[in-house]
Amino acid sequence: MARSAAGTDGVDRIDGADRGERLTFPAGFRWGVATSSHQCEGGNTANNWYAWEQAGHIKTGERAGLACDWWRNAERDFDLARDLGLNALRLSVEWSRIEPRPGKWDGAALTRYRQMLVGLHERGIEPMVTLHHFTNPLWFEERGGFLAADAMERFDRFTERVVTALGDLCDLWCTVNEPNVYAVQGYLFGAFPPGRKGDALAVLRVQAALARAHAAAYRTIHRIQPAARVGWAQNVNIFDPAHPGNPFDRLAAGLQDATFNDFFPRAVASGRAAFPLSLVAGDLRAVQDTCDYIGVNVYYRDLVAFDLRAPTELFGRRFADPAGARSDQPIGAAWGEVYPDGLRRVALRVAALGKPIYVTENGVADAADRLRPWQLALAVRALRAAITAGADVRGYYHWTLVDNFEWSEGWKTRFGLVALDPQTQTRTPRHSAALYGVIARANALTPAMLEEYAPAALDG
Ligand code: BGC
């Protein structure tokens with residue numbers, strides 16, 4: 001097993017002793033890319049994000065607009081995925097297209113999604129379909145989003161429609177994307193609609209409501225399609241104590257972890273929330289045992305220092321290790337350290353749930369492709385280390401195939417293996433696309449690939 005070696009700049013590398021290893025993956029491993037409807041389709045005008053963009057809330061003043069033009073021609077990018085040798089792709093269906101008004105269903109939208117899924121199968125690509133990836137139909141948002149009393153029933157009806165229409169073309173479902181990010185960005189930081197700030201109770205209530213909606217969707221999908229595999233995508237951020245020897249830092253890091261990372265997985269594992277979150281979460285018993293796999297979205301690591309001046313952050317001041325790698329950054333905020341070994345740690349942690357694991361997202365904002373080959377190589381190595389140590393990881397979906405609309409950051413930050421000019425719709429593969437392609441085709445990471453595509457991942 002490869003060890004990680006810290007280079008002089010603190011960034012992980014593969015050292016000389018480990019360089020000769022070919023790291024193979026289990027047969028049938030899924031090498032994919034992850035995407036979402038609003039970020040790729042273009043022309044979504046009936047959801048809360050469209051309204052949010054029109055109201056001028058995107059930091060760059062931009063809009064999703066045509067995005068990657070998927071509604072008209074997702075197939076162009078499916079070709080790219082096939083040509084790279086990928087065998088999996090995660091996309092989401094846009095609720096506001098399928099149910100533009102309450103109870104009014106748009107059959108043509110479902111037909112287009114059928115076409116897309118057929119297109120993926122024709123290219124030898126297995127779809128994973130997400131039912132909710134941050135966007136809500138405007139009518140649903142206006143009724144209070146997931147805090148409305150009938151939100152779960154509404155979402156369940158939508159789920160039933162989608163699975164009835166698409167179930168013969170998909171058996172791998174992701175109910176909800178990143179309930180924790182959705183809740184925190186929308187109700188604590190105000191960067192996502194509905195733009196509420198500092199409402200910590202709502203952050204918990206929204207996650208609890210999403211957990212119940214997820215559980216209902218899990219049962220509905222299985223009723224329609226008994227053999228389906230159903231899970232959700234949890235964003236897991238690594239919070240390490242700034243000084244591991246300091247018990248206050250450890251406590252502060254543990255609190256961040258408990259509130260951000262642990263709420264949803266705990267609800268699924270035990271049907272409960274930890275005290276005192278349980279006082280707000282309501283009844284979660286129905287959530288227990290509602291996943292066939294766990295999806296994890298893994299990006300960053302933060303160090304956490306105990307700080308009495310940060311009560312609203314649970315007395316934990318978060319910052320990126322100054323010696324660690326940093327991606328392109330958002331405007332007026334900061335993303336943590338790019339930390340590929342997080343995949344190993346997270347996979348081993350969630351393995352305790354006893355379910356198969358998919359990395360439903362992992363990637364880096366890096367327009368110049370300065371870090372991505374290094375990040376990708378070390379992430380793949382970290383994943384393989386987790387598998388060797390016993391984690392049942394079935395697939396890895398890189399975020400993302402083609403640059404897409406990055407929510408409140410607009411078009412400024414670029415996560416694509418392939419660069420996109422949204423004006424001309426011109427696509428230009430980045431160097432890391434070639435690396436990902438050879439990994440996927442070989443179902444392995446080899447020393448020759450590192451030498452050729454990711455020399456920064458090697459020391460010396
Ligand atoms: C989200 C994606 C987003 C990505 C990169 C994840 O939190 O699911 O929609 O584009 O991170 O920031």
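The model shown is predicted, which means the values in this text are computed figures rather than measured ones. In listed order, ligands and their atoms are each counted from 1.
- Ring geometry for F140 against W95 counts as tilted: the plane angle lies between 30° and 60°, on a 0 to 90° scale.
- For the pair R97 and W71, the cation sits on the ring face: its NZ or CZ lies under 6.0 Å from the ring centre, inside 45° of the axis.
- At a heavy-atom cutoff of 4.0 Å, ligand 1 is surrounded by Q39, H133, F134, N177, E178, Y299, E361, W399, E406, W407, F415.
- Under the 6.0 Å cut-off for aromatic ring centres, F415 and W335 qualify, their centroids lying closer than that.
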*Full working for salt bridge (Lys or Arg N to Asp or Glu O under 4.0 Å) between R76 and D79*: CA-CA 5 Å; R76 163 173 46 191; D79 282 349; over 6 Å; no
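- For N237 against D257, the heavy-atom pair with the smallest separation is O-OD1, 4.5 Å.
- Judged by distance alone, the side chain of D403 and the main-chain N or O of L420 form a donor-acceptor pair under 3.5 Å.
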